[in-house]
Amino acid sequence: MLNAIRWAVFALAALAMNFPLIVTLVTSFKSAREISTNPGLWINAPTLENYATVLTVSDRLNIFLYLANSFAVAAMGTLLAVALALPAAYAIVRGRFGEKTLLPLIVNLRAVPLVIFAIPIYMMFQFLGLLDTRFGLGLVMTIVNIPLVLIILVNAISDVPFEIDEAAMIDGVSRTGILFKIVGPVCRPAIVTSMIFGFITAWNEFLFGLMLTTSKAVPVTVGASFFFAASGGGVQWGVAAAVMMVGALPPMLLGLFMYRKISGTMMAGAVKG
């Protein structure tokens, strides 16, 4: 009986948290006429017309370009953030460099509304010719991701016993070798976790994508809004739902595929005896 109650509570919680996604998915398979007459979750006449509209490339709309832009920007913003944060985290933990000043300052930047940085970044990018480029937007996503990635890696490296470093140094391994050959592999679950969170954060970014791009580097979060307007005015709710599902699919699949990769302990098997 108690087990049944737990599963019932779990099912209700899962339904409540995923209800907006379910509604969006159902709406994406409805025609415009059915949406106006049948707002419920049941589909009388399922259709793929909305997805056909989204996946059709035209002079003004290209969902594949938007997806490619988002993937390139998210990949760059994630990999570069990890590449910069991993040595910084090691220096902070092992060398106590910036532990009391630099680390809190960087982490607290994540709590500041990003819109504060929008105008200065726009002016700098305009001067450097980085507007409407994947590289420029990727740099911004790197800055956005570094605080989160840094705090994850600092916590992970803090859990690695310093005796591992000492043993490696006795064997003549350099600091760089210790970081990339010993500490890095031990902290692999944390690195993977930070990459997943960083990729999803960069993929979902809208503000800077809207401000810093116009046509060539438009991410899917901004490009999706181009599909909403109907020819006669109003919103094409079916098309809007379809493009939102297409845009949300990559991070959803990433999270589902990598779920087991980020579970488990950080130090499993690192120290024995």
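Residues: numbered from 1 along the sequence shown. No experiment lies behind these values; they were computed from the predicted model shown. Values reported hereafter were calculated over all heavy atoms of this structure, with side chains retained and with hydrogens, waters and symmetry mates removed.
- By the 4.5 Å heavy-atom criterion applied to side chains, F127 and Y122 are not counted as neighbours.
- Taking hydrophobic clusters as Ile, Leu, Val, Met, Phe, Trp and Tyr residues chained together by side-chain heavy-atom distances below 4.5 Å, F135 does not share a cluster with M123.
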So N62 and S58, side chain to side chain contact (heavy atoms under 4.5 Å, CB included) or not? Walk me through it.
-> CA-CA 6 Å; N62 189 341; S58 65; over 6 Å; no
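- Between the side chain of N18 and the main chain of L21, no donor-acceptor pair closer than 3.5 Å is present.
- Counting only residues at least two apart or in different chains, ring-ring contact (aromatic ring centres under 6.0 Å, His included) contacts with residues 14-47 comprise F29-Y51.
- At least one side-chain heavy atom of F197 sits less than 4.5 Å from a side-chain heavy atom of I152.
- In this structure, F117 places its CZ atom where more than 12 heavy-atom neighbours from other residues, nucleotides or ligands lie under 6.0 Å away.
- Put simply, the side chain of W203 never gets that close to the backbone of P219: no donor and acceptor are under 3.5 Å apart.
- The distance from the CG atom of L55 to the CG atom of L61 is 12.0 Å, given to the nearest 0.5 Å.
- Linking Ile, Leu, Val, Met, Phe, Trp and Tyr whenever their side-chain heavy atoms come within less than 4.5 Å puts I151 and I92 in one cluster.
- Shortest non-hydrogen contact noted between N69 and V218 is ND2-O, 2.9 Å.
- Under the side-chain contact (heavy atoms from CB on, under 4.5 Å) criterion, I170 pairs with no residue, sequence neighbours left out.
- Nearest heavy atom pair, residue Y90 against residue R175, reads OH-NH1, 3.1 Å.
- At distances below 3.5 Å, at least one donor-acceptor pair connects side-chain atoms of S28 with backbone N or O atoms of L25.
- Put simply, the side chain of T37 gets close to the backbone of R33: a donor and an acceptor are under 3.5 Å apart.
- More than 12 heavy-atom neighbours from other residues, nucleotides or ligands sit within 6.0 angstrom of CD1 on I116.
- Closest of all the heavy-atom pairs between E205 and L114 is OE1-CD1, 3.9 Å.
- For the pair K30 and T47, the tightest heavy-atom approach, listed with the atom from each and the gap, is C-CG2, 3.7 Å.
- Looking at heavy atoms from C-beta onward, F71 lies out of side-chain contact with V220 at the 4.5 angstrom threshold.
- Counting non-hydrogen atoms of neighbouring residues, nucleotides and ligands closer than 6.0 angstrom, the CD atom of E49 reaches no more than 12 such neighbours.
- Listed for the T133 side chain is a donor-acceptor partner under 3.5 Å among the backbone atoms of L130.
- Residues A81 and V149 approach most closely at O-CG1, 4.2 Å, considering heavy atoms.
- You'll find the side chain of D165 stays beyond 4.5 Å of the side chain of I182, heavy atoms only.
- Taking hydrophobic clusters as Ile, Leu, Val, Met, Phe, Trp and Tyr residues chained together by side-chain heavy-atom distances below 4.5 Å, V26 does not share a cluster with L249.
- To the nearest 0.5 Å, the span separating CG on L207 from CG on L212 amounts to 8.0 Å.
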Kindly determine whether K216 and L65 satisfy side chain to side chain contact (heavy atoms under 4.5 Å, CB included), including the steps that lead there.
-> CA-CA 8 Å; K216 297 179 182 178; L65 174 62; over 6 Å; no
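- Of all heavy-atom pairs between N145 and A202, the closest is ND2-CB, 4.0 Å.
- Linking Ile, Leu, Val, Met, Phe, Trp and Tyr residues whenever their side-chain heavy atoms come within less than 4.5 Å places V112 and L102 in a single cluster.
- Panel note: side chain D171, backbone V173; no donor-acceptor pair is recorded below 3.5 Å.
- Counted within 6.0 Å of CZ on F162, heavy atoms from surrounding residues, nucleotides or ligands total more than 12; the atom is thus considered enclosed.
- A distance of 5.0 Å separates CD1 in I146 from CG in L84, rounded to the nearest 0.5 Å.
- Under the 4.5 Å side-chain contact rule for hydrophobic residues, W237 and F228 share a cluster.
- Judged purely by distance below 3.5 Å, without hydrogens or angles, the side chains of D132 and S215 pair a donor atom with an acceptor atom.
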